[in-house]
Undergrad: 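Got a structure for you, written out below as structure tokens; questions coming shortly.
Please read these numbers as outputs of a predicted model, since none were measured by experiment.
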Amino acid sequence: MSNSTLVTSAGPSRTSMYIGAGIMLVTLVLGIVGNILIMIVISLRKDLTNIIHTFVVSLCINDIINLSLNNTLVTSSYITGRWPTGMLGCEMSTHFTVLLMGSSLWHTALIAIHRLIVVVFNNFYKKISKKGYTIFVLVFCRVVPLLFLCQPSLGHMAYYEPKLIRCIVKKNYGPFTLLVSIFLMMIPSLILIVCYIAIFIKVHQSSQAFRAHRHKEWLKREIQITKMFGIVFLLIMVGYIPYGIVRAIDKTLSYDSDFYVFITVFFAVANCFNPVVYGVMDRQIRSACLEVFRWRRLVIDDTQASPEFLHKETMTIHTRMSVEIDDCTARSNMIQLES
């Protein structure tokens, strides 16, 4: 199917599309810039080189790809009222949504296991290979979603739905959708929930013992990191679950198109907020980001107060002083002559 045929025939109103596109465009730019900024500061600062921040960078890469591809295509479709690519792009967008969602959720699940080992089984954590576990997380969370592309129907699974102005999986691929839901959403979500419950039970039981112990600050930081990744998980779920529930209920697409714009915008905005979570909840990342802005301000100030500028100011002052001295000398000579 050519690009020209992917035109909306019964889509949402222009008002809802333009409002949705405006909101998505603003958050899209902020999301991409925020993720890039965090990647840069973590990469440039040696004191930020650790397992947790490696996971953060990996999630930032996922977010940048997702925002640059999926969010950009949906935003463009709301601006133009049509899907911006042909069927190849339509199919790719559908599968990339599945891949990136699954990868992000498996990231949070395996990070939850890491937090469980650190907080609850710390003695065991000291014995395992940190580098080995990090490599396992980075590989596993991407390989599992990629397995869903290993099928003969690839390339013929999606179709363009004018009412949604987006591409979705065909109805006769229900088993595929079910497997995606189980292996890329339910299982990682269950792992994360079980790990976090175990972590907070352990913390509650140990709170009295740690109150006067030197490990109190360490425990507080570990819990803060755990909460940070928990909120990242919630943002992912907040983005995907409402749309998924509505699509599961409204199998015939009888709901109003403008309502679908609303939940799509909700999903897109949720995808952009991870950098805010990292900046607010990780003190090291927040400090590093603030230093970037301070450095920029110092550069601007230094430019305004450059040596050349200071030299000109100094010369002006010296010239003014010379004129004042000459005036004083001249007045003194006049007084002597008159006397």
Undergrad: Check this for me: Phe262, atom CZ, are more than 12 non-hydrogen atoms of other residues, nucleotides or ligands nearer than 6.0 Å?
TA: no

Undergrad: Any chance you could measure His156, atom NE2, to Lys170, atom NZ, to the nearest 0.5 Å?
TA: 8.0 Å

Undergrad: Is there a side-chain contact between Met157 and His95 in this structure, where contact means two heavy atoms from C-beta onward sitting under 4.5 Å apart?
TA: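 Yes. Closest side-chain heavy atoms under 4.5 Å.
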
Undergrad: Nearest heavy-atom pair of Cys60 and Ile38: which atoms, and what distance?
TA: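 Cys60 and Ile38 have their closest heavy atoms at SG-CG2, 4.0 Å.
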
Undergrad: When Ile, Leu, Val, Met, Phe, Trp and Tyr are grouped by side-chain heavy atoms lying under 4.5 Å apart, directly or through other members, which residues fall in the same group as Ile79?
TA: none

Undergrad: Would you please classify the geometry between the Phe267 ring and the Tyr243 ring as parallel, tilted or perpendicular, with 30° and 60° separating the classes?
TA: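 The arrangement is tilted - the two ring planes meet at 30° to 60°.
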
Undergrad: Relative to each other, are the rings of Phe148 and Phe183 parallel, tilted or perpendicular (30° and 60° limits)?
TA: tilted

Undergrad: Given a cutoff of under 4.5 Å between side-chain heavy atoms of I, L, V, M, F, W and Y, with clusters grown through shared members, what are the other residues clustered with Val29?
TA: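 Members besides Val29, by chain and number: Val33.
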
Undergrad: Which value, rounded to the nearest 0.5 Å, describes the distance between Leu110 atom CG and Thr134 atom OG1?
TA: 11.0 Å

Undergrad: What are the two closest non-hydrogen atoms of Leu67 and Gly31, and how far apart are they?
TA: CD1-C, 3.7 Å

Undergrad: So, for Thr85 and Cys90, which heavy atoms are closest and what is the spacing to 0.1 Å?
TA: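 Between these two residues, the closest heavy atoms are OG1-N, 3.5 Å.
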
Undergrad: Taking all atoms of both residues into account, what is the closest heavy-atom pair of Asp258 and Ser13, and its distance?
TA: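 Minimum heavy-atom separation between Asp258 and Ser13: OD1-N, 3.0 Å.
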
Undergrad: Evaluate the ring planes of Phe140 and Trp106, with Trp represented by its six-membered ring, and classify them as parallel (under 30°), tilted (30 to 60°) or perpendicular (over 60°).
TA: perpendicular

Undergrad: Can you see which heavy atom on Ser58 is nearest to which on His107, and at what distance?
TA: OG-NE2, 2.6 Å

Undergrad: Would you mind reporting whether Asn274 and Leu59 have side-chain heavy atoms less than 4.5 Å apart?
TA: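 No, every pair of side-chain atoms sits at 4.5 Å or beyond.
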
Undergrad: Rounded to the nearest 0.5 Å, how far does OG1 of Thr177 lie from CG of Asn172?
TA: 9.5 Å

Undergrad: Flag the pair Leu105 / Leu184 as yes when at least one side-chain heavy-atom distance between them is below 4.5 Å, and no otherwise.
TA: no

Undergrad: Counting C-beta onward and ignoring hydrogens, is there a side-chain heavy-atom pair between Leu37 and Cys289 closer than 4.5 Å?
TA: yes

Undergrad: How close do Val41 and Leu48 get, heavy atom to heavy atom, and via which atoms?
TA: O-CD1, 3.7 Å

Undergrad: Cation-pi check for Tyr125 against Lys130: NZ or CZ below 6.0 Å from the six-membered ring centre and within 45 degrees of the axis, yes or no?
TA: yes

Undergrad: How would you list, by chain and number, every residue that makes a side-chain contact (heavy atoms from CB on, under 4.5 Å) with Thr49, sequence neighbours excluded?
TA: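 None.
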
Undergrad: Is the count of non-hydrogen atoms from other residues, nucleotides or ligands lying under 6.0 Å from Phe96 atom CZ greater than 12?
TA: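 Incorrect, the count does not exceed 12.
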
Undergrad: How about Thr72 and Ser76: do any of their side-chain heavy atoms sit closer than 4.5 Å?
TA: yes

Undergrad: Do Phe233 and Ile111 come within less than 4.5 Å of each other through their side chains, counting heavy atoms only?
TA: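 No, too far: nothing below the 4.5 Å cut-off.
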
Undergrad: Looking at side-chain heavy atoms only, is the closest gap between Arg166 and Tyr78 below 4.5 Å?
TA: no

